[in-house]
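Right, one structure below, let's go through it.
Please read these numbers as outputs of a predicted model, since none were measured by experiment. Position 1 is the first residue of the sequence; numbering continues from there.
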Amino acid sequence: MTLSIRAAVARTANADLSLETLTLEPPREDEILVRVVASGVCHTDLVVMSGNLPTPMPVVLGHEGAGIVEAVGAKVTKVKPGDSVVMTFNTCGSCPSCADDAMAYCYEFFPRNFFATRPDGTVALKAGGDGVHSNFFGQSSWATHALAHERNVVKVDATGDALALMGPLACGIQTGAGTVMNALKVQSGKSFVCFGTGSVGLSAIMAAKVEGASTIIAVDMHDNRLALASELGATHGINAASGDVVARIKEITGGGATYALDTTGLPAVIRQAADALAPRGKVAILGAPMPGSEICLDNTDFMSTGKTLMGVVEGESDGDTFIPKLVGLWKDGVFPFDKLVRFYAFEDINQAIHDSHAGTTIKPILKIG
C-alpha cells in the first residue's frame with residue numbers, strides 16, 4: 001500500500017525546491033522504510049541542484065538522513081521497526097571493493113548513489129501518475145519518509161534531539177573525520193594541515209585533535225572560520241589571502257607538514273597542499289572538482305621527496321563501525337560536531353540551501369519529523 005509523504009523536489013537545475021505531496025511505494029523485500037527525523041544539507045546535494053552532475057530530474061535529494069525504522073522487507077534482518085538509524089551512502093555488496101570491506105570504493109558507487117533509481121531502474125516516488133526520481137544515495141531523505149537498504153542504514157544509540165543531530169555523520173562529517181582516521185591515519189605527535197574549513201575540514205581538524213596531532217594548521221579565506229577552527233583544535237590559522245601559504249606552513253612545521261588535506265577541489269590549492277608537505281608526507285584530496293579538471297605537481301619535488309597523493313571517498317569509512325565510533329566520541333565530549341550545525345524547519349529548506357551557499361551556516365540540518 002502506497003504512503004502519502006511530503007518531499008522537497010528538484011524539478012529543474014538552479015531553481016528552488018518545491019515541497020510537494022508524493023506517494024511512496026511500500027518497501028520491497030530488501031528495503032527499509034524510515035520515518036525521517038532530520039536530514040543534513042551537503043555540498044553534493046547543491047552540486048546536483050546546479051546541474052553539474054548527471055542525476056536526473058525531477059528528483060528528491062538528501063543523503064544525510066536520520067530517523068526511525070517503520071517497516072522492513074521480508075529479507076531484512078539488520079534492523080527492525082523502532083530502531084534509530086542514520087542513512088549513509090549505498091553500495092552493491094558484491095564487487096571486489098565491497099568484498100575487501102572498502103565500501104567507499106564500490107565499483108557501482110556512482111550508479112548506486114547518483115542515478116536516483118533502484119538498481120532495476122525503477123523509482124519509488126510518484127507525483128500523481130508521474131514518476132519522481134528517488135533512491136538518491138540509497139535514501140532520498142529530504143522527505144518525511146525514505147526507502148533505504150541494509151547496506152546503507154546504520155543503527156545508532158540516539159533518540160529525540162540527539163538523533164536529529166546525527167544525519168551529517170552519514171556523509172560530510174564522516175568524510176572529514178574518516179580521511180584523518182582511516183585514510184591518512186594521522187599519528188600522534190605529527191603535523192596536519194587542512195585547506196578549507198567547512199563542515200568537512202572542521203571535522204578533519206577535530207579528528208586530528210582526537211588522534212593527538214601536535215600541530216594542526218587550518219587554512220581558509222575567512223577569519224571567522226579560522227577562529228572556529230582554533231576553538232575546535234587547530235593550533236594555527238592561516239588566511240590564504242595573507243601571503244605565501246606554503247612558506248608559512250613550512251615555517252610553522254619546521255620544514256613541511258606530515259599530512260595535508262584539501263577539501264576545496266581546486267587544482268591550485270591541491271598544488272599548495274602537496275608543496276607544503278615534508279619529505280614522505282601524504283596529502284589527501286576529497287573536494288569535488290569540476291569534471292575534466294587536472295592536478296599539476298612539481299614532478300621532481302614530488303618524486304624525490306617520496307610524497308604521496310591520494311584521493312579519498314567518504315573517509316574510507318565502514319559506516320556500521322565508524323558512525324557509532326563518532327557518536328561515542330561526541331558523547332565523550334571530544335568530537336563536538338554539534339558546534340557546526342544550525343537547524344531549520346523543513347519548510348525553510350530553500351533558506352537553508354541559500355545559507356549553505358553563502359557560507360553563513362556551516363552545516364544546515366533540516367528538522368523534518
Counting only N and O atoms by type, is there a donor-acceptor contact under 3.5 Å from the side chain of Thr144 to the main-chain atoms of Arg6?
yes
Indicate whether the side chain of Thr2 and that of Thr23 have a donor and an acceptor atom separated by less than 3.5 Å.
no
Does Asp223 reach the main-chain N or O of Leu226 with its side chain, forming a donor-acceptor pair under 3.5 Å?
no
Just so I know, are the side chains of Val219 and Arg248 near enough to count as touching, which here means a heavy-atom distance under 4.5 Å?
no
Write down the atom of Ala127, the atom of Leu22, and the distance for their closest heavy-atom approach.
CB-CD2, 3.5 Å
One should read off an interatomic distance between Leu340 CG and Ser199 OG, to the nearest 0.5 angstrom, of 7.0 Å
Whether the Thr258 and Ser191 side chains hold a donor-acceptor pair (N or O, under 3.5 Å, no angle test) is what I'd like checked.
yes
Of all heavy-atom pairs between Ala148 and Val153, which one has the smallest distance, and what is that distance?
CB-CG1, 3.6 Å
Output yes when Lys78 and Asp83 qualify as a salt bridge under the 4.0 Å nitrogen-oxygen rule, no when they do not.
no
pair Thr305-Leu277: side-chain heavy atoms closer than 4.5 Å
no
Assess whether atom NZ of Lys209 is packed by more than 12 heavy atoms of other residues, nucleotides or ligands within 6.0 Å.
no
Ignoring hydrogens and angles, tell me if any N or O in the side chain of Thr179 forms a donor-acceptor pair with the backbone of Thr175 under 3.5 Å.
yes
Search all heavy atoms of Ala8 against all heavy atoms of Ile349 and return the closest pair with its distance.
CB-CD1, 3.7 Å
With a sphere of 6.0 Å drawn around CG of Asp157, does it hold more than 12 non-hydrogen atoms of other residues, nucleotides or ligands?
no
First locate atom CG of Asn224, then atom OG1 of Thr360, and finally report the distance between them rounded to the nearest 0.5 Å.
10.0 Å
Are any side-chain N or O atoms of Asp120 and backbone N or O atoms of Thr122, one a donor and one an acceptor, separated by less than 3.5 Å?
yes
Ignoring hydrogens and angles, tell me if any N or O in the side chain of Asn113 forms a donor-acceptor pair with the backbone of Asn90 under 3.5 Å.
yes
To the nearest 0.5 Å, tell me how far Arg342 CZ sits from Asp355 CG.
5.5 Å
Flag the pair Asp275 / Lys250 as yes when at least one side-chain heavy-atom distance between them is below 4.5 Å, and no otherwise.
no
Atom CD in Gln174, atom CD1 in Ile323: separation rounded to 0.5 Å?
4.5 Å
Give the minimum heavy-atom separation between Ser97 and Tyr105, together with the two atoms involved.
OG-O, 2.9 Å
Taking all atoms of both residues into account, what is the closest heavy-atom pair of Glu31 and Arg118, and its distance?
OE2-NE, 2.8 Å
Would you say that Asp45 contacts Ile353 through its side chain, given a criterion of any heavy-atom pair below 4.5 Å between the two side chains?
no
With a 3.5 Å cut-off and no angle check, do the side chains of His149 and Asp30 form a donor-acceptor pair?
no
Taking Thr264 for the side chain and Gly196 for the main chain, is one N or O donor matched with an acceptor at less than 3.5 Å?
no
Check the surroundings of atom NZ in Lys126: do more than 12 heavy atoms from other residues, nucleotides or ligands lie under 6.0 Å from it?
no
Quick one: does Pro58's side chain get under 4.5 Å of Arg11's, heavy atoms only?
yes
Is there a continuous path of hydrophobic side-chain contacts, each under 4.5 Å between heavy atoms, that joins Phe302 to Val193?
no
Heavy-atom side-chain contact between Leu163 and Ile68 under 4.5 Å:
yes
Quick one: does any side-chain atom of Gln139 pair with a main-chain N or O of Thr88 as donor and acceptor, under 3.5 Å?
yes
With rounding to the nearest 0.5 Å, note down the distance linking CZ in Arg151 to CG in Asp320.
8.5 Å
Return yes if some donor-acceptor pair links the side-chain N/O of Asn152 with the main-chain N/O of Gly138 below 3.5 Å, else return no.
yes
What pair of heavy atoms forms the shortest contact from Ala273 to Val283, and how long is it?
CB-CG2, 3.7 Å
Find out whether Val210 and Met181 are in side-chain contact, i.e. whether some heavy atom of one side chain is under 4.5 Å from a heavy atom of the other.
yes
Step through the shown structure and confirm whether more than 12 heavy atoms of other residues, nucleotides or ligands are within 6.0 Å of CG on Asp161.
no
Treat each ILVMFWY residue as a node, draw an edge where side-chain heavy atoms are under 4.5 Å apart, and state whether Leu202 and Ile217 are in one component.
no
Determine whether Pro54 and Phe114 make a side-chain contact, defined as any pair of heavy atoms from C-beta on separated by less than 4.5 Å.
no
Whether the side chain of Ser140 engages the backbone of Asn135 through a donor-acceptor N/O pair (distance < 3.5 Å, no angle test) should be reported.
yes
Got a donor-acceptor contact below 3.5 angstrom from the Thr263 side chain to the Phe195 backbone?
yes
Rounded to the nearest 0.5 Å, what separates atom NE2 in His145 from atom CD1 in Ile368?
11.0 Å
